There are 2 protein chains.
Amino acid sequence: MTKEISQAVIKRMPRYYRYLGELLDDNVERISSRDLSKRMNVTASQIRQDLNNFGGFGQQGYGYNVKFLYDVIGRILGLDQTHNIIVVGAGNLGQALANYVKFEKFGFVITALFDVDPNLIGTKVRDIPVYGLDKLDEYCKNNEIDIAALTLPKNKADDVAHHLVDLGIGAIWNFAHVDLDLEEDDVIVENVHLSDSLMRLSYNIMQKKFS
Amino acid sequence: MTKEISQAVIKRMPRYYRYLGELLDDNVERISSRDLSKRMNVTASQIRQDLNNFGGFGQQGYGYNVKFLYDVIGRILGLDQTHNIIVVGAGNLGQALANYVKFEKFGFVITALFDVDPNLIGTKVRDIPVYGLDKLDEYCKNNEIDIAALTLPKNKADDVAHHLVDLGIGAIWNFAHVDLDLEEDDVIVENVHLSDSLMRLSYNIMQKKFS
DNA sequence: TAGATTGTTAATCGATTAACAATC
DNA sequence: TAGATTGTTAATCGATTAACAATC
């Protein structure tokens with residue numbers, strides 16, 4: 001990549017992908033930035049600007065071919081590759097992730113869960129085995145793991161995260177209610193802070209109530 | 001409120017709250033915007049600008065009192081109030097939310113789950129009852145519900161969302177992999193699109209790999 | 001060819017950072 | 001009082017929107 005693309009643009013790409021997927025399901029063959037903008041509630045200008053960060057995928061007078069653009073964005077997002085994921089923390093949230101078949105459609109395959117709870121170790125979640133946390137090193141050495149999802153209490157998250165980095169894991173999907181201290185490390189972190197999300201919702205409720 | 005506060009600022013408030021909570025746990029009494037900025041990896045200027053949207057909570061030459069600021073932000077985010085939540089869709093994700101005790105610390109109380117699955121109806125998740133979806137109307141009329149969390153398949157999400165709005169629900173916490181079509185309705189929507197998050201992670205993995 | 005719609009440049013808008021006088 | 005640090009104004013930066021020539 002010659003120029004860095006802003007995170008603001010990246011954030012919007014999955015949404016484009018989602019809408020194009022819906023259009024595809026509805027057998028829509030082509031769409032203009034104007035029509036798409038009306039559906040998505042953004043400006044047509046923004047759509048064209050965003051896409052042109054990656055290349056000129058449209059055609060004057062025609063618009064964009066839905067199937068083509070869907071595939072292109074999928075490739076941009078790396079969904080044409082398989083990503084192996086382990087889930088560390090096999091509580092409800094970890095199990096929920098393991099059960100979410102939808103991810104596989106996008107190339108994300110959960111291969112194992114890890115936990116310290118003896119009641120969970122040895123069980124399976126939709127054919128995915130739950131191992132003891134002490135098996136983590138061995139497993140990571142013998143398998144190509146791309147992403148580790150952290151679904152464990154915040155006091156354990158940081159230690160496990162550092163350990164995973166030492167084991168060579170390159171990306172962490174963090175559900176723990178803490179910002180991992182991994183700035184110095186060469187690892188990609190994507191946070192899902194559910195509490196933060198809920199607090200924003202709460203803020204907006206307050207605003208509505210007192211306005 | 002006289003002036004609207006930008007969503008960029010709102011987005012950062014829960015993070016401030018989180019860091020102040022940690023400082024509080026560490027018995028730190030006061031902190032300057034400069035010291036906080038170093039911990040949080042943002043500029044001191046931004047912290048002061050953000051906070052001054054809501055008022056002047058600091059003191060020249062002293063900084064900010066941690067406990068005071070923590071409480072203020074909590075109140076700004078509405079965490080001093082109790083918010084009753086119902087979870088519609090009692091699958092893994094719905095159960096994970098119901099099991100997440102942490103939310104209660106911030107005033108969010110899940111009072112009931114709803115599902116169509118006869119195997120789930122009548123069971124309990126941590127003392128929280130699971131009702132049939134046909135009991136939703138009655139329940140909403142007899143109880144003050146502030147938020148409905150939607151943890152169900154996307155094809156059902158839109159219908160249920162509209163139904164909830166008709167029942168008077170003012171806020172929706174949407175986990176379904178779809179943007180709810182509720183623009184015309186007077187309802188607050190907060191989306192948690194896990195797939196989008198995973199795709200952003202995937203994009204960043206690609207970038208690292210080919211750079 | 002005429003109409004539609006892109007890709008891209010220029011203009012605007014908003015958000016972030018820097019600077020500093022006010023003041024504890 | 002002297003030093004520290006805020007609150008706030010001004011400067012900069014980046015992102016969004018508008019406009020339009022290029023072209024299918």
Side-chain angles (χ1 to χ4, degrees), chain A residues 1-16 19-20 23 28-73 76 200 203-204 207, chain B residues 1-16 19-20 23 28-73 76 200 203-204 207:
Chain A
M1 289 287 142
T2 66
K3 57 168 184 233
E4 192 83 2
I5 292 160
S6 84
Q7 284 297 314
V9 174
I10 306 306
K11 268 214 153 131
R12 287 191 289 268
M13 296 309 285
R15 187 154 181 265
Y16 291 136
Y19 274 82
L20 287 163
L23 288 168
V28 178
E29 196 174 281
R30 69 189 186 90
I31 192 154
S32 67
S33 57
R34 187 152 180 280
D35 286 352
L36 187 58
S37 77
K38 274 190 255 170
R39 275 180 178 255
M40 296 186 63
N41 245 16
V42 295
T43 63
S45 202
Q46 180 162 76
I47 292 174
R48 294 203 300 277
Q49 285 277 22
D50 283 352
L51 296 178
N52 279 92
N53 279 293
F54 303 97
F57 306 126
Q59 197 168 56
Q60 285 99 327
Y62 172 86
Y64 298 87
N65 180 285
V66 173
K67 171 79 176 124
F68 176 77
L69 189 56
Y70 179 80
D71 289 342
V72 162
I73 296 179
I76 289 170
R200 283 195 292 275
Y203 173 84
N204 286 313
Q207 286 307 296
Chain B
M1 291 287 144
T2 66
K3 60 167 180 232
E4 193 82 2
I5 293 159
S6 85
Q7 284 298 313
V9 175
I10 306 306
K11 267 215 153 128
R12 286 191 291 266
M13 296 310 287
R15 187 154 181 265
Y16 292 136
Y19 273 83
L20 287 163
L23 287 168
V28 178
E29 198 174 282
R30 68 190 185 92
I31 192 154
S32 67
S33 57
R34 186 152 179 282
D35 287 352
L36 187 57
S37 78
K38 274 190 258 171
R39 277 180 177 254
M40 295 186 63
N41 246 15
V42 295
T43 63
S45 203
Q46 180 163 75
I47 292 174
R48 295 203 300 278
Q49 285 276 22
D50 283 353
L51 295 178
N52 278 93
N53 279 293
F54 302 98
F57 306 127
Q59 197 168 55
Q60 283 99 327
Y62 171 86
Y64 298 87
N65 180 286
V66 173
K67 171 80 176 122
F68 176 76
L69 189 56
Y70 179 79
D71 289 343
V72 163
I73 296 179
I76 289 169
R200 284 195 292 274
Y203 173 83
N204 287 313
Q207 286 308 294

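All values reported here derive from a predicted model rather than from experimental measurement. Here is how names work: the chains are called A, B, and so on, in the same order as the sequence lines, proteins then strands, and each is numbered from 1.
- Annotation: side chain of Ile31(B) is not in contact with side chain of Tyr19(B) (no heavy-atom distance under 4.5 Å).
- Here Asp35(A) does not pair with Arg39(A) in a salt bridge; the nearest charged N to carboxylate O distance is not below 4.0 Å.
- In the set dC24(C), dA18(C), dT17(D), dC24(C) carries the atom at the smallest distance from any side-chain atom of Gln60(B).
- Residue Ser45(B) places no side-chain N or O under 4.0 Å from the OP1 or OP2 atom of dA18(C).
- Proximity of Leu36(B) to Leu23(B): side-chain heavy atoms (C-beta onward) are separated by under 4.5 Å at one or more points.
- An OP1 or OP2 oxygen of dA4(C) is reached within less than 4.0 angstrom by no side-chain nitrogen or oxygen of Tyr64(A).
- Contact check for Arg12(A) versus Gln46(A): side-chain heavy atoms found under the 4.5 Å cut-off.
- Nucleotide dT6(D) holds its C1' atom 14 Å from the CZ atom of Phe68(B), rounded to whole Å.
- Closest approach of Ile47(A) to Ser33(A), counting heavy atoms only: CD1-O, 3.7 Å.
- For Ala8(B), whose side chain is taken as the heavy atoms from C-beta onward, the closest listed nucleotide among dT5(D), dT16(C), dG7(C) is dT16(C).
- When distances run from any side-chain atom of Arg30(A) to the nucleotides dT17(D), dT6(D), dT5(C), the shortest one goes to dT5(C).
- In a base pair of the Watson-Crick type (N1 to N3 plus N6-O4 or O6-N4) or a G-U wobble (N1-O2 and O6-N3), with each distance short of 3.5 Å, dG14(C) is matched with dC13(D).
- Taking atom CZ on Phe54(A) and atom C1' on dT8(C), their separation rounds to 17 Å, with Å as the unit.
- For dC24(C), the paired base is dG3(D) (Watson-Crick or G-U wobble, both distances below 3.5 Å).
- For Asn65(B) and dT6(D), the CG to P distance is 13 Å, given to the nearest whole Å.
- The Ser32(A) side chain lies nearest to dT5(C) when the options are dA15(C), dT16(C), dT5(C).
- Taking 3.5 Å as the limit, the base of dT6(C) and the side chain of Gln49(A) contain no donor-acceptor pair of atoms between them.
- Contact annotation: Tyr62(B) side-chain N/O to dG7(D) OP1/OP2 distance is not under 4.0 Å.
- Listed candidates were dT6(D), dT16(D), dC20(D). Nearest to the side chain of Arg48(A) is dC20(D).
- Across all strands shown, dA19(D) is found opposite dT8(C) as a Watson-Crick or G-U wobble partner, with both distances under 3.5 Å.
- Rounded to whole angstrom, the span from the CG atom of Asn41(A) across to the C1' atom of dT17(D) amounts to 15 Å.
- If you find the closest nucleotide of DNA chain D to Asp50(A) and to Gly61(A), the one lying nearer the 5' end belongs to Asp50(A).
- OP1 or OP2 of dT6(D) has not a single side-chain nitrogen or oxygen of Gln59(B) nearer than 4.0 Å.
- With a 4.5 Å cut-off on side-chain heavy atoms, Tyr64(B) and Leu20(B) do not count as touching.
- The distance from atom CD of Gln7(A) to atom P of dT16(D) is 13 Å, rounded to the nearest whole Å.
- Rounded to an integer number of Å, the gap from Asn53(B) CG to dT9(D) P is 13 Å.
- Atom CG in Asp35(A) sits roughly 12 Å away from atom P in dA4(C) (whole-Å rounding).
- Comparing dA19(D), dT8(D), dT6(C) against the side chain of Asn52(B) picks out dT8(D) as the nearest.
- Residue Arg12(A) places no side-chain N or O under 4.0 Å from the OP1 or OP2 atom of dA15(D).
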